[in-house]
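This is the structure I want to talk about, given as C-alpha cells.
Remember, it's 1-based here, ligands and their atoms both numbered in the order they're listed.
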Amino acid sequence: MPTVLVTGGAGYIGSHTLRALTRAGYEAVVYDAFLKGHPAAVADYRVVVGELSDRERLERVFAEFPIQAVLHFAAFIEAGESVQDPGKYYRNNVCGTLSLLEAMVRAGVRQCVFSSSAAVYGDPEEVPIPETAPTRPTNPYGRTKLMVGQILDDFHQAYGLRSISLRYFNAAGASPDDDLGEDHHPETHLIPILLEVALGQRDHVDILGNDYPTPDGTCIRDYIHVCDLADAHVLALQALERGAEREVYNLGNGQGFSVLQVVETARAVTGHPVPAQVAPRRPGDPLWLVAAAEKARRELGWTPRFPDLRQIIASAWEWRRRHPRGFPSEPA
Ligand code: UFG
C-alpha cells in the first residue's frame with residue numbers, strides 16, 4: 001500500500017486520521033515538531049521530528065521513505081491568537097507550507113490533502129456556506145488558510161501538484177475505538193473547556209459575547225466529529241489516486257448550534273451543572289458558520305457517521321473522564 005507523509009500527525013485531527021489511514025491499509029510516516037502535538041498520540045507510528053521550515057530534514061524524509069502523498073495538518077490553529085501574533089501564523093502556516101510544497105515538488109511527490117478551514121469564509125453572506133461562497137477571513141489564521149489554498153492552485157498550474165483542500169468546520173469529539181482525544185495547551189476550544197468545567201478543573205466557562213445578531217445572541221458553529229473528518233481524508237486521498245486534480249470540499253454536518261446550545265448539551269451529557277458567565281467577544285470570531293457539505297457527500301462518497309451533537313460531546317467526555325489531565329507529556 002502507498003506510504004503517506006502526515007505532517008502534524010501528533011495533533012488532534014492528524015492523530016485520528018493516522019488511525020483511519022492504518023485501517024484503510026496505508027503506511028504512514030509522521031512529521032511533527034511536537035510544538036503542539038503529543039508524543040503519546042503517535043507512540044505506535046514512525047515519526048520524524050522536524051519543523052516545516054527545516055528544508056534539509058524534509059528532503060531527507062522524502063529521500064528515505066517511498067512517499068506518494070502528503071496529508072498536511074501541521075499548523076497553528078488559534079484564530080484569537082492569530083489576531084495578537086499574526087507573524088507567527090504567516091511564518092509557520094504560509095512560509096512553512098511553502099517549504100513543504102517545494103520539497104514535495106523537488107522529490108516528485110504530487111498529491112496533497114490540505115487542512116483548510118471554515119475560517120476562510122469569514123462572516124458569510126449565506127448560510128449554509130457552499131464552497132463557492134466569497135472568501136473573506138476575519139482573522140490572520142483564516143487568511144493563512146486562504147493563502148495556502150491559492151498557493152496550491154498555483155502549484156497545480158505550474159508543477160502539476162494535485163491537491164484537495166478540506167475546509168473543516170468545528171472539529172470535536174474523540175475516537176471511540178482509539179485512546180485519542182482533544183488536548184490543547186492552552187485550551188481555547190469550547191467543548192474541551194466545558195468538559196474541564198464539568199470535571200471541576202475550571203470554575204466556569206466564559207460565553208464570549210452574547211450580543212451577536214443570532215437568535216440567542218451567541219455565535220453559531222457546525223460541530224463535526226473528528227472521526228468523520230479522518231474518514232474524509234482517506235476518501236480525499238483515494239480521489240487523488242483516481243486522478244483528482246485540484247478540489248475544495250467543506251466538511252460539516254450542516255447544522256448550526258449556538259454557544260448556549262452547546263453549553264446546555266454539555267450539561268445534559270455530563271450531568272454536571274457547568275456554570276457559565278458572559279464575557280466580552282473574542283476578536284476575530286465569525287458570527288455564524290454552518291457548512292453546505294453536499295459536494296463532499298456527492299463526489300467523495302463521504303457520510304458522517306457521528307452527526308449528533310450529543311454523541312460528539314459524549315465521545316469527548318468519555319476520553320476526558322479516562323484522561324482528566326489529557327495526554328501524558330511523554331510517550332506511554
Ligand atoms: N467560545 C466561548 N467560550 C470559550 C471558547 C469558545 O464562548 O471559552 C465560543 C467562541 O466564541 C465560538 C465558539 O465558542 O463562538 C467555538 O469556539 P472554538 O474556539 O471552539 O472554535 P472556533 O470556532 O473559534 O475555531 C475552530 C478552530 C479553528 C477553525 C474554526 C473554523 O479552532 O481552527 O473552528 O470554524 F478555523
- Should the proximity of Leu190 to ligand 1, defined as any heavy atom under 4.0 Å, be assigned to the side chain, the backbone, both, or neither? both

- Query: Which atoms of ligand 1 sit under 4.0 Å from any heavy atom of Ile207?
  - Reply: 7 (O)

- Query: So with a 6.0 Å cut-off around CZ of Arg322, is the heavy-atom count from everything else above 12?
  - Reply: yes

- Which heavy-atom pair separates Val263 from Val274 by the least distance, and what is that distance? CG1-O, 4.3 Å

- Enumerated ligand 1 atoms positioned under 4.0 Å from heavy atoms of Leu289: 35 (O)

- Message: Around atom CZ of Arg91, are there more than 12 heavy atoms from other residues, nucleotides or ligands closer than 6.0 Å?
- Response: no

- Task: Quick one: look at His189 and ligand 1, take heavy-atom pairs under 4.0 Å, and tell me if it's side chain, backbone, both or neither.
- Result: both

- What is the closest protein heavy atom to atom 23 (O) of ligand 1, and at what distance does it sit? Arg221 NE, 2.7 Å

- Task: Give the residue and atom name of whichever protein heavy atom lies nearest to atom 18 (P) of ligand 1, and the separation in Å to one decimal.
- Result: Arg282 NH2, 3.6 Å

- Query: With a 4.0 Å cut-off, would you call Arg281 and Asp211 a salt bridge?
  - Reply: yes

- Task: Identify the protein heavy atom lying closest to atom 26 (C) of ligand 1, giving its residue, its atom name and the separation to 0.1 Å.
- Result: Asn170 ND2, 3.6 Å

- Location of contacts on Tyr223 toward ligand 1, heavy atoms closer than 4.0 Å: side chain

- Message: Quick check against the 3.5 Å criterion: does Asp206 have a side-chain atom that pairs as donor or acceptor with the backbone of Leu208?
- Response: no

- Message: Under a 3.5 Å cutoff, is there a donor and acceptor pairing between the side chains of Thr22 and Tyr45?
- Response: yes

- State whether the shortest distance between N or O atoms of Ile77 and N or O atoms of ligand 1 falls below 3.5 angstrom. yes

- Message: Suppose we measure from atom 8 (O) of ligand 1 to each protein heavy atom; which comes out shortest, and what is that distance?
- Response: Ile193 CD1, 3.5 Å

- If you take all heavy atoms of Phe62 and Ala107, which pair is closest and at what distance? CB-CB, 3.6 Å

- Query: When you measure from atom 9 (C) of ligand 1 to every protein heavy atom, which one gives the shortest distance, and what is it?
  - Reply: Val259 CG2, 3.7 Å

- Query: Does any non-hydrogen side-chain atom of Lys145 lie less than 4.5 Å from one of Pro137?
  - Reply: no

- Query: Is the closest N or O pair between Asp206 and ligand 1 shorter than 3.5 Å?
  - Reply: yes

- Of all the non-hydrogen atoms in the protein, which one sits nearest to atom 11 (O) of ligand 1, and at what distance? Asp285 OD2, 2.6 Å

- Message: What's the separation between atom CG in Leu309 and atom CD in Glu264, rounded to the nearest 0.5 Å?
- Response: 11.5 Å

- Query: N/O to N/O below 3.5 Å, does that happen between Leu208 and ligand 1?
  - Reply: yes

- Approximate separation, where rounding is to 0.5 Å, of Ser117 OG and Leu289 CG: 8.0 Å

- Looking only at protein heavy atoms, what sits closest to atom 5 (C) of ligand 1 is Thr188 O, 3.3 Å

- Note on the structure: For Tyr141, the atoms of ligand 1 under 4.0 Å from one of its heavy atoms are 28 (C), 29 (C), 33 (O), 36 (F)

- Assess whether atom OH of Tyr159 is packed by more than 12 heavy atoms of other residues, nucleotides or ligands within 6.0 Å. no

- Query: At under 4.0 Å between heavy atoms, which part of Val262 makes contact with ligand 1: side chain, backbone, both or neither?
  - Reply: neither

- Reported CZ-to-CD distance for the pair Arg57 and Glu51, which is rounded to 0.5 angstrom: 9.5 Å

- Task: Please work out which of Ala79, Gly80, Cys219, Ser115 has its closest non-hydrogen atom nearest to atom 15 (O) of ligand 1.
- Result: Cys219

- Query: Short N/O distance, under 3.5 Å, between Ser117 and ligand 1?
  - Reply: no

